[in-house]
Peer 1: 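What follows is a single structure, and I will ask about it in a moment.
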2 protein chains.
Amino acid sequence: MQNAPTVKLPLECGDCPIRHNAVCARCNNEELISLDKIKYYRSFQAGQTIIWSGDEMDFVASVVSGIATLSQTMEDGRTQMVGLMLPSDFVGRPGRSIAPYDVVAVNDMLMCCFRRKPFEELMIKTPHVGQRLLEMTLDELDAAREWMLVLGRKTAREKIASLLMILGRRNAALNMTVAKSSMEFDLPLTREAMADYLGLTLETVSRQISALKRDGVIELQGKRHVSVPDFNRLIDESGDDADGGLLT
Amino acid sequence: MQNAPTVKLPLECGDCPIRHNAVCARCNNEELISLDKIKYYRSFQAGQTIIWSGDEMDFVASVVSGIATLSQTMEDGRTQMVGLMLPSDFVGRPGRSIAPYDVVAVNDMLMCCFRRKPFEELMIKTPHVGQRLLEMTLDELDAAREWMLVLGRKTAREKIASLLMILGRRNAALNMTVAKSSMEFDLPLTREAMADYLGLTLETVSRQISALKRDGVIELQGKRHVSVPDFNRLIDESGDDADGGLLT
DNA sequence: TCACACCCTTGATCTAGGTCAATGCCAATT
DNA sequence: AATTGGCATTGACCTAGATCAAGGGTGTGA
């Protein structure tokens with residue numbers, strides 16, 4: 001646990017995130033084999049709802065490829081996205097059978113699933129899996145709390161900049177490249193999905209993106225491809241501390 | 001793990017939350033003894049900052065009595081509370097030495113502390129502690145995500161009602177009483193702290209509390225004692241689903 | 001090639017909540 | 001009993017972002 005990396009790792013040995021090298025280094029073969037026995041793969045189409053809030057959920061899973069969103073919706077239709085699930089993220093929760101939010105595939109996805117009961121038994125038998133899950137959960141908690149600052153206190157422009165920073169960083173991490181001063185990436189989300197993530201309306205999202213473009217902070221190729229000539233400029237706009245987060 | 005309660009337990013056997021009955025039932029004596037060897041107690045005064053964001057943190061701890069807040073502050077002073085720590089909550093994180101937020105004592109507090117390194121070693125030796133910590137972290141993650149909906153999508157009035165619901169419920173839980181249709185409790189927070197929790201200004205908090213009083217949803221004795229004649233009315237005002245949360 | 005469905009942008013207007021400022025309350029101190 | 005200081009309330013006004021509305025690309029299927 002001491003030297004475990006706190007950033008999300010891309011896939012390493014095989015295609016299942018549970019086997020990330022942070023765990024593998026400590027796992028013996030028996031554990032890997034027992035994991036293999038209870039897992040299976042499922043794919044989902046873009047736009048498909050993977051799990052409905054309130055539904056019985058008999059599996060836990062990790063994202064192999066594609067992007068999903070977690071969101072909560074009030075009776076009157078207001079919705080708030082509470083998480084973005086990217087490859088290597090873990091969906092579901094041992095010890096609870098009812099899903100607390102909707103999980104929706106943004107693009108085509110492949111998930112590595114484990115039936116919940118055997119997975120729970122496995123966690124008791126092989127503590128390393130639980131330890132890795134604890135690390136990941138703590139990271140998600142930190143991310144959720146950082147997002148609370150975004151939602152509660154930032155202006156619309158800062159919110160957009162914060163989202164672009166996250167998307168840029170995660171894109172860089174997925175490509176195993178270092179985040180550098182200039183970068184470009186695709187926006188996986190519609191303006192409406194961004195609005196739901198940021199607690200804004202889609203019109204405000206659109207206006208602020210236009211404003212950032214007008215001010216030269218970003219450039220757009222089409223509507224869904226962004227390039228950031230100077231990443232530090234974006235950081236300034238986001239209102240974050242320069243050091244870029246609370247890792248380690 | 002299967003039957004572990006998902007609500008936070010009040011203190012049970014002794015005064016350290018790590019020994020909550022959910023864990024105790026599965027622990028053998030050896031584990032309890034080894035915990036005792038590395039723990040110590042610290043008290044803090046009301047208003048005292050327990051941990052500064054960015055500081056080195058060589059211990060983890062759990063709240064024995066009193067209330068603390070977790071908060072993040074931007075350079076220009078805007079602050080957002082990201083958590084309320086009540087008795088039995090766990091502060092700090094194994095595997096990370098730098099504190100990501102300020103922890104401030106709201107009233108006089110007693111904390112049960114563990115030096116971080118020995119605690120991490122203990123977690124490896126005795127998986128039950130890690131499993132309990134995972135449960136607690138997952139609960140906190142759910143709470144953080146529910147709060148994201150509050151921050152991102154609720155109106156000021158709904159935000160206040162949501163906060164009062166949480167305070168009322170936690171108060172009922174601490175007193176080991178069942179949440180019933182009418183209840184009363186003290187507000188532990190100033191109007192400003194409530195504003196920081198809710199992403200509002202203190203004036204708006206004050207106005208909305210006055211409005212809820214005017215409309216008969218709550219009554220005030222002094223400025224810090226609330227009684228709620230009909231808890232369901234408060235739930236309606238909060239915009240939440242009637243069933244009252246996502247537990248189990 | 002037309003038409004329909006999506007997604008996105010932009011403008012005009014409205015409003016919830018922020019900002020600024022005055023005042024009130026009460027407990028502690030002198 | 002006067003003073004000080006920390007909270008809290010209330011009013012008047014302002015503004016960021018919501019709401020309402022119109023139109024513009026682009027892709028897909030008939």
Side-chain angles (χ1 to χ4, degrees), chain A residues 45-48 69 74 76-80 104 106-107 150-164 186-215 218-226 237 239, chain B residues 45-48 69 74 76-80 104 106-107 150-164 186-215 218-226 237 239:
Chain A
Q45 297 178 328
Q48 193 178 353
T69 61
M74 297 169 66
D76 62 6
R78 282 177 280 175
T79 94
Q80 175 65 50
V104 181
V106 171
N107 32 41
V150 173
L151 291 173
R153 293 301 187 194
K154 291 193 177 178
T155 65
R157 174 183 263 243
E158 288 169 336
K159 286 178 174 182
I160 297 287
S162 300
L163 178 57
L164 293 177
D186 283 321
L187 291 177
L189 304 173
T190 65
R191 301 292 186 260
E192 185 177 26
M194 289 189 241
D196 283 342
Y197 203 12
L198 296 166
L200 298 170
T201 58
L202 69 94
E203 293 95 331
T204 299
V205 170
S206 181
R207 274 187 254 270
Q208 295 299 333
I209 287 179
S210 299
L212 288 174
K213 188 171 77 174
R214 183 167 53 250
D215 299 346
I218 60 172
E219 283 149 33
L220 286 182
Q221 283 83 50
K223 293 161 192 309
R224 296 287 199 92
H225 189 87
V226 184
E237 294 287 351
Chain B
Q45 297 176 329
Q48 193 178 355
T69 61
M74 298 169 66
D76 62 8
R78 282 176 282 176
T79 93
Q80 175 65 49
V104 181
V106 172
N107 31 41
V150 173
L151 290 173
R153 292 301 185 195
K154 291 193 177 179
T155 64
R157 174 183 264 244
E158 289 169 335
K159 285 178 174 182
I160 298 286
S162 300
L163 178 57
L164 293 178
D186 282 321
L187 292 175
L189 304 173
T190 65
R191 300 293 187 260
E192 186 178 26
M194 289 190 241
D196 284 343
Y197 203 13
L198 297 167
L200 297 170
T201 59
L202 69 93
E203 293 94 330
T204 299
V205 169
S206 181
R207 275 188 254 271
Q208 296 298 334
I209 287 180
S210 299
L212 287 174
K213 188 171 76 173
R214 185 167 53 253
D215 299 347
I218 59 172
E219 284 149 33
L220 287 182
Q221 284 83 50
K223 292 159 192 309
R224 294 288 198 91
H225 191 87
V226 184
E237 294 287 350

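Computed from heavy atoms alone, side chains included, the values below leave out hydrogens, waters and symmetry copies. Order of the sequence lines sets the chain letters (A, B, ...), proteins ahead of strands, with each chain counted from 1.
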Peer 1: Looking at every heavy atom in both A:Ala195 and A:Thr201, which two are closest together, and how far apart are they?
Peer 2: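 Smallest heavy-atom distance, with atoms named: CB-C, 3.5 Å.
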
Peer 1: Please give me the minimum heavy-atom distance between A:Ser162 and A:Lys154, naming the atom from each residue.
Peer 2: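 Of all heavy-atom pairs spanning A:Ser162 and A:Lys154, the closest is OG-NZ, 3.1 Å.
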
Peer 1: In residues 154-163 of chain A, which residues come under 4.0 Å of DNA chain D by heavy atom?
Peer 2: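 Those residues are A:Thr155, A:Ala156.
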
Peer 1: For A:Lys223 and D:dG25, give me the distance from atom NZ to atom P, rounded to whole Å.
Peer 2: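 Roughly 9 Å, once rounded to whole Å.
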
Peer 1: Could you list by number each residue of residues 194-204 of chain B showing a heavy-atom separation from DNA chain D of less than 4.0 Å, or answer none if no residue does?
Peer 2: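 Within residues 194-204 of chain B, the residues near DNA chain D are B:Leu202, B:Glu203.
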
Peer 1: For residues B:Leu198 and B:Thr204, determine if any side-chain heavy atom of one lies less than 4.5 Å from a side-chain heavy atom of the other.
Peer 2: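 No, their side chains stay 4.5 Å or more apart.
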
Peer 1: How far does OG1 of A:Thr190 sit from NZ of A:Lys223, to the nearest 0.5 angstrom?
Peer 2: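 Output value for this atom pair is 13.0 Å.
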
Peer 1: I'd like the 5' and 3' limits of the part of DNA chain C contacted by chain A, with heavy-atom contacts below 4.0 Å.
Peer 2: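 It runs C:dC8 to C:dA12.
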
Peer 1: Nearest whole angstrom, please: distance from the P of D:dT9 to the CD of B:Glu192.
Peer 2: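 Those two atoms, CD and P, are 14 Å apart.
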
Peer 1: B:Ser206 side chain to B:Leu202 main-chain N or O, any donor-acceptor pair under 3.5 Å?
Peer 2: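 Checked: no pair found.
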
Peer 1: Would you indicate what A:Thr190 reaches in the nucleic acid, counting non-hydrogen atoms under 4.0 angstrom: base, sugar-phosphate, or nothing?
Peer 2: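 Answer is sugar-phosphate: A:Thr190 comes under 4.0 Å of backbone atoms only.
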
Peer 1: Provide, to the nearest angstrom, the distance between the CZ atom belonging to A:Arg191 and the P atom belonging to D:dG24.
Peer 2: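 Rounding to the nearest Å, CZ of A:Arg191 and P of D:dG24 are 19 Å apart.
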
Peer 1: Between A:Arg78 and B:Arg153 (side chain of the first, backbone of the second, donor and acceptor by atom type, cut-off under 3.5 Å), is there such a pair?
Peer 2: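 Judged by distance alone, yes, a pair lies under 3.5 Å.
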
Peer 1: For the side-chain contact (heavy atoms from CB on, under 4.5 Å) test, which of A:Leu220, A:Asp186, A:Ile209 pairs with A:Val226?
Peer 2: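 That would be A:Leu220.
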
Peer 1: Report yes or no: does B:Gln80 contribute a side-chain atom to a donor-acceptor pair with the main-chain N or O of B:Tyr197 at less than 3.5 Å?
Peer 2: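 Yes, B:Gln80 side chain to B:Tyr197 backbone: donor-acceptor pair under 3.5 Å.
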
Peer 1: So how far is it from A:Leu200 CG to A:Gln208 CD, rounded to the nearest 0.5 Å?
Peer 2: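 Nearest 0.5 Å value for the CG-CD distance: 8.0 Å.
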
Peer 1: Would you check if A:Asp196 and A:Thr69 make a side-chain contact, meaning some heavy-atom pair closer than 4.5 Å?
Peer 2: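 No - every pair of side-chain heavy atoms lies 4.5 Å or more apart.
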
Peer 1: A:Arg207 has an atom CZ; how far is it from atom P of D:dG17, in whole Å?
Peer 2: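 Taking atom P of D:dG17 as the reference, CZ of A:Arg207 is at 11 Å.
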
Peer 1: When you measure from the side chain of B:Gln48 to the backbone N and O of B:Val104, does any donor-acceptor pair fall under 3.5 Å?
Peer 2: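 Checking the backbone N and O of B:Val104 against the side chain of B:Gln48, no donor-acceptor pair under 3.5 Å is found.
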
